[in-house]
Amino acid sequence: MDFSFVDQIWVARVPLLKGLGVSISISLLSIVVGTVLGVFVGLALTYGYRPVQWLVRGYTDFIRGTPVLVLVLASYYVLSTIGIDLGPFQAGVLALAVFCSSHVGELVRGALQSIPKGQTEAAKAIGLTFPQTFAYVLGPQALRQALPAWVNTAAEMVKASTLLSIIGVGELLLRTQEVISRTFMSLEFYFLAGFLYFVINYGIERFGRYVERRTAVPS
């Protein structure tokens with residue numbers, strides 16, 4: 001490795017680490033918030049009253065059919081026109097969380113609908129409320145089925161976070177571009193940024209594997 005590149009990494013360590021921290025924070029917040037919202041979306045699609053299902057179905061189809069970049073720009077620019085002033089970070093998290101919730105909602109819906117209805121009826125027969133039925137009967141089974149696809153969705157949120165540089169969020173890609181504009185080492189620093197994104201997604205994949213082992217049914 002060219003030692004001048006190593007020297008430039010050391011010089012740029014502070015902005016790069018700050019950018020990495022922002023990328024991790026945005027990804028984590030959008031995944032957590034989007035997953036929580038997605039669970040409620042999936043429940044509404046599966047068990048909601050017909051008007052609720054229509055409303056939520058329209059929400060998921062519209063969000064899933066809208067490019068993430070459009071959601072990011074709308075969260076930052078459009079909301080401000082109606083009096084909701086969000087900073088770049090907050091607008092970015094909102095856009096990614098909304099996009100994540102639509103995908104997680106579909107995952108939860110598919111997982112819940114694959115569970116035999118007899119299990120829900122059996123839970124009602126022994127006096128469990130719906131929250132108890134979801135917590136002890138439906139939720140664990142849906143989690144095992146939806147987990148692999150959820151890992152892919154979470155990885156997509158990390159990659160989508162790179163779009164937030166367009167509204168001025170100081171995430172890893174923006175900081176990398178700033179360093180490149182000073183050093184002119186495009187290939188080296190883009191490779192470094194790609195490696196760091198790989199590390200984040202690899203951590204998500206290992207977390208998914210851990211949860212999958214913890215929730216696996218003993219054979």
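If you're wondering where the values come from, they're calculated on a predicted model, not measured in any experiment. Sequential numbering from 1 along the given sequence is applied to the chain's residues.
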**Request:** Can you establish whether the number of heavy atoms outside Tyr47 located under 6.0 Å from its atom OH is more than 12?
**Result:** yes
**Prompt:** Roughly how far apart are Thr60 OG1 and Gln53 CD, rounded to 0.5 Å?
**Reply:** 11.0 Å
**Message:** Between the side chains of Arg209 and Glu205, is the shortest nitrogen-to-carboxylate-oxygen separation below 4.0 Å, so that they form an ion pair?
**Reply:** yes
**Message:** Checking the side chain of Glu171 only, and the main-chain atoms of Leu174 only, is there a donor and an acceptor separated by less than 3.5 Å?
**Reply:** yes
**Request:** Following the transitive rule for hydrophobic clusters with a side-chain heavy-atom cut-off under 4.5 Å over Ile, Leu, Val, Met, Phe, Trp and Tyr, establish whether Val68 and Phe62 coincide in one cluster.
**Result:** yes
**Item:** Donor-acceptor contact present, side-chain Gln141 to main-chain Val137, <3.5 Å
**Value:** yes
**Request:** Kindly compute the distance separating CG (Leu147) from CZ (Phe207), expressed to the nearest 0.5 Å.
**Result:** 8.5 Å
**Prompt:** Is a side-chain N or O of Thr46 found less than 3.5 angstrom from the main chain of Leu43, in a donor-acceptor match?
**Reply:** no
**Prompt:** Do the side chains of Tyr190 and Leu173 get nearer than 4.5 Å, heavy atoms only?
**Reply:** yes
**Asked** Measuring from Gln145:CD to Leu107:CG, what's the distance to the nearest 0.5 Å?
**Response** 11.5 Å
**Request:** Report yes if the side chains of Val22 and Leu172 come closer than 4.5 Å at any heavy-atom pair, otherwise no.
**Result:** no
**Message:** Is any side-chain heavy atom of Leu29 closer than 4.5 Å to one of Phe89?
**Reply:** yes
**Complete:** Gly208 and Val151 have their tightest heavy-atom pair at CA-CG2, 3.9 Å
**Prompt:** Between Ala146 and Ala111, what is the shortest heavy-atom contact and its length?
**Reply:** CB-CB, 4.2 Å
**Item:** Derivation of the side chain to side chain contact (heavy atoms under 4.5 Å, CB included) call for Ile166 and Tyr76
**Value:** CA-CA 10 Å; Ile166 198 170; Tyr76 187 60; over 6 Å; no
**Asked** Quick one: are Trp150 and Ile31 in side-chain contact, heavy atoms under 4.5 Å?
**Response** yes
**Prompt:** For the atom pair CD1 (Ile180) and OG (Ser186), what is the distance rounded to the nearest 0.5 Å?
**Reply:** 5.0 Å
**Request:** State, yes or no, whether a side-chain contact exists between Val41 and Ser102 at a heavy-atom distance under 4.5 Å.
**Result:** no
**Item:** Distance-minimising heavy-atom pair for Gly34 and Val104
**Value:** O-CB, 4.2 Å
**Asked** Is Leu79 close to Leu94 at the side-chain level, that is, under 4.5 Å between some pair of heavy atoms?
**Response** yes
**Message:** For a quick test of reading the model, state the closest non-hydrogen atom pair linking Leu96 to Ser161 and the distance between them.
**Reply:** CD1-CA, 3.9 Å
**Request:** Verify salt bridge (Lys or Arg N to Asp or Glu O under 4.0 Å) between Glu178 and Arg175, making sure each step is shown before the conclusion.
**Result:** CA-CA 5 Å; Glu178 291 174 349; Arg175 297 307 181 197; 3.0 Å; yes
**Asked** What orientation do Phe134 and Phe130 show, parallel under 30°, tilted 30 to 60°, or perpendicular over 60°?
**Response** parallel
**Message:** Would you say that more than 12 heavy atoms from the other residues, nucleotides or ligands in this model lie under 6.0 Å from the CG of Leu17, or not?
**Reply:** yes
**Item:** Leu37 with Val52, same ILVMFWY side-chain cluster at under 4.5 Å
**Value:** no
**Asked** If we only count heavy atoms from C-beta on, is the Asn152 to His103 side-chain gap below 4.5 Å?
**Response** no
**Message:** Test of understanding: clusters of I, L, V, M, F, W, Y form through side-chain heavy atoms closer than 4.5 Å, transitively. Do Val158 and Tyr210 belong to the same one?
**Reply:** yes
**Prompt:** Just by distance, do the side chain of Ser27 and the backbone of Ile24 share a donor-acceptor pair under 3.5 Å?
**Reply:** no
**Request:** Check Leu112 against Gly42 and note the closest heavy-atom contact, atom names and distance.
**Result:** CD1-O, 4.3 Å
**Message:** Between Lys159 and Glu156, does any side-chain N to carboxylate O distance fall below 4.0 Å?
**Reply:** yes
**Asked** Is the shortest heavy-atom distance from the side chain of Ile63 to the side chain of Tyr59 under 4.5 Å?
**Response** yes
**Request:** First locate atom CG of Leu20, then atom CD1 of Ile200, and finally report the distance between them rounded to the nearest 0.5 Å.
**Result:** 5.0 Å
**Asked** Okay, side chain of Gln132, backbone of Thr129: is any donor-acceptor separation there less than 3.5 Å?
**Response** yes
**Asked** Side-chain heavy atoms under 4.5 angstrom apart, residues restricted to Ile, Leu, Val, Met, Phe, Trp, Tyr: same cluster for Leu28 and Ile204?
**Response** no
**Asked** In Å and rounded to the nearest 0.5 Å, what is the CG to CH2 distance from Leu16 to Trp10?
**Response** 12.5 Å
**Message:** To check you understand the geometry: which heavy-atom pair defines the closest contact between Ala12 and Val179, and what is its length?
**Reply:** CB-CG2, 3.7 Å
**Request:** Say whether Leu86 and Leu164 are linked into one hydrophobic cluster, either directly or through other cluster members, by side-chain heavy-atom distances under 4.5 angstrom.
**Result:** yes
**Atom CZ of Arg13: over 12 foreign heavy atoms under 6.0 Å** = yes
**Chi angles and distances behind the side chain to side chain contact (heavy atoms under 4.5 Å, CB included) call for Phe189, Gln177** = CA-CA 8 Å; Phe189 277 101; Gln177 291 171 335; over 6 Å; no
